[in-house]
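Contents: one structure, followed by commentary.
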Amino acid sequence: MKIKSIKGVKDILPGEIEKWQWVESVAHMIFSRYGFKEIRLPIFEYTHLFKRSIGDTTDIVEKEMYTFTDKGGEEITLRPEGTASVVRSYIEHKMHGQNPLTKLYYFGPMFRYERPQAGRFRQFYQIGVEAMGSPSPAIDAEVMTLLIEFFKELGLNDLELQINSLGCKECRPQYREILKSAIQSHLGELCSNCNQRYERNPLRVLDCKVPRDGEIAKDLPKIKDHLCSQCDQDFAQVQKFLDSINTPYTINELIVRGLDYYNKTTFEVIAKTGLGSQNAVCGGGRYDSLVEDFDGPPTPCFGFALGMERLISILPEEKLQGLEQRPDVYLVCLGDEALKLAFPITHQLRGVGLYVEREVEGGSMKSQMRKANKLASRFTLIIGENEIKNKQYVLKNMDDGEQWEVAADTLAEAIQSRIKSLE
RNA sequence: GUGGGCGUAGCUCAGCCGGUAGAGCUCUGGAUUGUGGCUCCAGUGGUCGCGGGUUCAAAUCCCGUCGCUCACCCCA
C-alpha cells in the first residue's frame, strides 16, 4: 500500500510557495492601509457554530462538513469557512467594547467534503476580511475597494465585480413569498432541482442553468423591485460610492449566495478567463444579524472571502518572475582543505546577512559551477589550494563572467560591496 | 451523489489493428587536467496503476477495481 495524500488536498511545494508568500505579503500591505488587523483563528470549532451561522439546510452543512466526535464526546467540525469563527471570537472577546468598528482579516485552510475539480479542493485556503460594527453603505464600498486595490496590486485585471442586494430581514421574507407564489405555477415545467429549490431556497431558481428554466426565471419577480426603501437607498449609495472613484461593476441579480447569513449587499468577483466553471475568485457581502444571532450586541457586518488557489492560478506570468530568491554566493571548494574551510566561511558570510549556498560533496569544479548556475547564484567564491595558500579567493560574477581576487581577511566586505555595486 | 476523459521513466508524452518499451526534458560523466550557461557524445532511470480473463505471446484486446482529472451540483 503506497503512501499517499488524501483526495482533494495538495502539498504546496517550493517553486509554488513563493507565489503564496507574495500574495500574502501583498494582502498584509494593502489591508493594513485600510486599518485591518490580522486575526489567527482555530481551524476547528464546535459543530453547532457552523450549523447555526451557515444554515442547517445549506449544502455546506448538510453534506460537506468534516465533523467528528472528539475524545471528550464533543461534536467538532473542521471549519468550512472563516466568518463564523470571526463572529464567535468577536463576541467571546467582547471586541464591540473596544472599538465601535472592528476591522479584521484572516488567512488559512478551510475544509469541505466535495468532489474535487478545477479550482475546488477539500482543503483550500481563503483570505477573509470582515468589517464589524457599521451598517453604513460606505463600509460596503470601502471593503470592496480594498479588494479591488488588492487585485490591482497583484496585476489582475481580467476580473469583474458583480453586486446585488438581497434585502434585509424586513423585505427579503416578503419577496421570498412573492417569488414562491410566482414559481408555483411553473413547478411542472421546472427541473427537478428547481422543484427542490422552490421549498428550500427559492432564490436559487433564478440562477438555474437548465435553459428552459432560465427562460422562465427571466419573467419571475426581481428582488430589486421588492426592496424596502432603506435597502433600496443603501444599495444606491453603495453604487454611488463605487461610481465616485470609477470602480467598474455590474449588477447581477442572480447572486444569491449559498450561506444563510447574508443580507443586503452581496457581491462576487468573477475571473473572466483562466478558471473553469469555478470562476468565483471572491464572494461576500453583508451579514447584519449574525452577531446578534449568537447573543452578541447588534453588530451589522460586511465581509468577504477569497479563494487562494483560484487567485494564484490566474496570477499574470510577468508578476511571477523573480519571486524565487537567488543565492548571493555559492562556495566552490576544491580539495578536502577547502571543504573544511568552507564551513566557517559560510557561517561568517551568512552572519552578515548574505544568502550563501556551499558545496558539500566536493566533485569536479565543472560540476560545482553547474550547481551554482542551476541555483542561479549571483556569485561564486572559488576556494582551492592556491587560494588558501595565498589567502586570496576568487570571486566570480555569474551573470557576466567577470572575476576578481579578494583577500581572505576582508572577504565579507568585498562581497557585500560587489553586490551593492549591482543594485 | 451523477456523467465524460485519462493512468507507460523524476517530469511531459509517443507506442495501443497483439511479438515482452521509446523520445524530449531532468540527473551523472565526458569532449574542455581548476571555471557554469550553448553544442555534441555516453550513461543512470520502467512491477507499462492494480487484479483477473482471452492468447503460443498482452503496455496493446475484454472484464473488474483503484487513482487522477474535467463537468453537473455547490461554492472561494
Side-chain angles (χ1 to χ4, degrees), chain A residues 1-2 4-8 10 15 54 57-64 79-83 107-129 147 191-194 196-197 200-201 204 207-210 255-259 262 266-271 275-284 303-314 330 332-335 338 359 361-388 393-403:
Chain A
M1 172 72 185
K2 224 186 269 178
K4 179 165 191 320
S5 68
I6 291 169
K7 188 193 193 82
K10 286 221 158 28
I54 298 167
T57 60
T58 57
D59 278 11
I60 293 177
V61 170
E62 269 193 338
K63 46 193 195 200
E64 297 177 4
R79 61 179 184 192
E81 59 107 41
T83 300
F107 170 79
M110 307 295 160
F111 306 86
R112 294 182 198 174
Y113 188 84
E114 296 183 272
R115 284 284 287 269
Q117 69 183 67
R120 191 169 79 186
F121 312 94
R122 290 186 173 176
Q123 175 174 339
F124 60 101
Y125 289 76
Q126 288 188 334
I127 297 180
V129 170
L147 177 65
C191 70
S192 62
N193 251 329
C194 280
Q196 284 173 26
R197 288 170 179 144
R200 309 185 47 178
N201 192 349
R204 292 224 85 92
D207 196 17
C208 186
K209 276 149 197 130
V210 176
I255 294 177
V256 169
R257 316 261 71 225
L259 290 73
Y262 284 115
T266 56
F267 73 99
E268 286 181 8
V269 176
I270 304 299
L275 289 168
S277 56
Q278 311 298 317
N279 62 350
V281 178
C282 177
F304 66 77
L306 63 87
M308 277 292 277
E309 289 84 355
R310 292 180 189 181
L311 177 64
I312 282 171
S313 72
I314 57 169
Y330 187 97
V332 171
C333 306
L334 305 166
E359 180 59 36
E361 301 301 327
S364 71
M365 183 163 191
K366 184 196 201 57
S367 71
Q368 295 189 36
M369 291 299 286
R370 239 186 241 149
K371 287 184 203 172
N373 188 60
K374 184 118 203 285
L375 289 166
S377 187
R378 294 164 185 278
F379 291 92
T380 45
L381 184 71
I382 299 165
I383 305 171
E385 283 172 28
N386 299 335
E387 286 78 6
I388 293 170
Y393 306 133
V394 173
L395 184 66
K396 175 169 181 169
N397 181 328
M398 293 295 278
D399 289 332
D400 61 16
E402 196 178 350
Q403 58 185 48

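Chain naming here is simple, since letters A, B, ... match the order of the sequence lines and numbering starts at 1 in each.
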### Task
To the nearest Å, give me how far apart CD (A:Glu64) and P (B:G1) are.
13 Å

### Query
In residues 116-127 of chain A, which residues come under 4.0 Å of RNA chain B by heavy atom?
A:Gln117, A:Ala118, A:Gly119, A:Arg120, A:Phe121, A:Phe124, A:Gln126

### Counterpart residues, side chain to side chain contact (heavy atoms under 4.5 Å, CB included), relative to A:Leu375 (two or more places apart)
A:Pro327, A:Tyr330, A:Glu357

### Query
With rounding to whole Å, what would you report as the distance between B:C50 and B:A59 at their C1' atoms?
14 Å

### Query
How far, in whole Å, is B:G18 from B:C56 if one measures between their C1' atoms?
12 Å

### Task
Tell me the partner of B:G24, counting only Watson-Crick (N1-N3 plus N6-O4 or O6-N4) or G-U wobble (N1-O2 and O6-N3) with both under 3.5 Å; none if nothing fits.
B:C11

### Query
For B:U44, which nucleotide in any strand shown is its Watson-Crick or wobble partner with both distances under 3.5 Å?
none

### Message
Taking atom types as they are modelled, would you say the side chain of A:Arg115 forms a donor-acceptor pair with the base of B:C74 within the 3.5 Å cutoff?
### Response
no

### Query
Looking across every strand, which nucleic acid part, if any, lies under 4.0 Å from A:Gly128 by heavy atom: base, sugar-phosphate, or nothing?
nothing

### Query
Which one is paired to B:G1, where only Watson-Crick or G-U wobble pairs with both distances under 3.5 angstrom count?
B:C72

### Message
Once side chain to side chain contact (heavy atoms under 4.5 Å, CB included) is applied, do any residues pair with A:Glu385, and if so which ones, sequence neighbours excluded?
### Response
none

## Note on the structure
Applying salt bridge (charged side-chain N to carboxylate O under 4.0 Å, His left out) to A:Glu268 and not counting sequence neighbours gives A:Arg257

#### Entry: Closest to side chain of A:Val394, choosing from B:U35, B:A76, B:G30
B:U35

### Message
At less than 4.0 Å, is any side-chain N or O atom of A:Lys63 found next to OP1 or OP2 of B:G1? Yes or no.
### Response
no

### Task
Calculate the interatomic distance between A:Asn397 atom CG and B:U35 atom C1'; express it in whole Å.
14 Å

#### Entry: Gap between atoms NZ and P, on A:Lys371 and B:U26 respectively (whole Å)
17 Å

### Task
Determine the interatomic distance between P on B:G67 and the same-named atom on B:G24; round to the nearest Å.
35 Å

### Message
Looking at B:G36, I'd like to know if its phosphate oxygens (OP1 or OP2) sit under 4.0 Å from a side-chain N or O belonging to A:Arg378.
### Response
no

### Task
Evaluate the criterion salt bridge (Lys or Arg N to Asp or Glu O under 4.0 Å) for residue pair A:Glu114 and A:Arg120; output intermediate values, then yes/no.
CA-CA 8 Å; A:Glu114 296 183 272; A:Arg120 191 169 79 186; 3.7 Å; yes

#### Entry: Distance below 4.0 Å between A:Lys366 side-chain N/O and B:U33 OP1 or OP2
no

### Query
What interatomic distance, in whole Å, is found between C1' of B:C16 and the corresponding atom of B:A57?
16 Å

### Task
In whole angstrom, give me the gap between the C1' atoms of B:G51 and B:C40.
46 Å

### Query
Rounded to the nearest Å, what distance is computed from the CD atom of residue A:Glu114 to the C1' atom of nucleotide B:C72?
13 Å

### Query
Does A:Arg204 place a side-chain N or O at less than 4.0 Å from the phosphate oxygens OP1/OP2 of B:C75?
yes

#### Entry: Side chain A:Gln368 and base B:U35 donor-acceptor under 3.5 Å
no

### Query
Does A:Arg370 or A:Ser5 map to a spot on RNA chain B nearer the 5' end, using the closest nucleotide for each?
A:Arg370

### Query
Can you check whether A:Ala280's main-chain N or O pairs, donor with acceptor, with A:Arg310's side chain at less than 3.5 Å?
yes

### Task
Identify whether NZ of Lys or CZ of Arg in A:Arg122 sits under 6.0 Å from the centre of the six-membered ring of A:Tyr113 and within 45° of that ring's axis.
yes

### Message
Measure CG/A:Leu147 against C1'/B:A76 and give the value in whole Å, please.
### Response
12 Å

### Message
Partner lookup for B:G64, please. Criteria are Watson-Crick or G-U wobble with both distances under 3.5 angstrom; report none if nothing qualifies.
### Response
B:C50

#### Entry: Qualifying residues under side chain to side chain contact (heavy atoms under 4.5 Å, CB included), relative to A:Val394, sequence neighbours excluded
A:Ile382, A:Glu387, A:Gln403

### Message
Under 4.0 Å from OP1 or OP2 of B:U69: is there any side-chain N or O of A:Lys10 that close?
### Response
yes

#### Entry: salt bridge (charged side-chain N to carboxylate O under 4.0 Å, His left out) partners of residues 361-371 of chain A, not counting sequence neighbours, each pair once
A:Glu359-A:Lys371

### Complementary nucleotide of B:A57, counting Watson-Crick and G-U pairs under 3.5 Å
none

### Task
Using a 4.0 Å heavy-atom cut-off across all strands, classify A:Glu387 as base, sugar-phosphate, or nothing.
base

### Minimum-distance pair of heavy atoms, taken over all atoms of A:Gln278 and A:Ala118
CG-O, 2.9 Å

### Separation of B:G37 P from A:Glu402 CD (nearest whole Å)
20 Å

### Query
Between A:Arg79 and A:Pro109, is there a donor-acceptor pair closer than 3.5 Å when you use the side chain of the first and the backbone of the second?
yes

#### Entry: Residue whose closest nucleotide on RNA chain B lies nearer the 5' end, A:Lys7 versus A:Ile60
A:Lys7

### Summary
To the nearest angstrom, the CZ-C1' distance between A:Phe267 and B:C75 comes to 14 Å

### Query
Between A:Gln278 (CD) and B:A71 (P), how many Å, whole number?
7 Å

### Query
For atom P, what is the distance between B:U8 and B:U47, given to the nearest Å?
12 Å

### Message
Between B:G45 and B:G29, how far apart are the two P atoms, rounded to whole Å?
### Response
16 Å

### Message
If I pick the P atom on B:C61 and the same atom on B:G7, what distance separates them, to the nearest angstrom?
### Response
11 Å

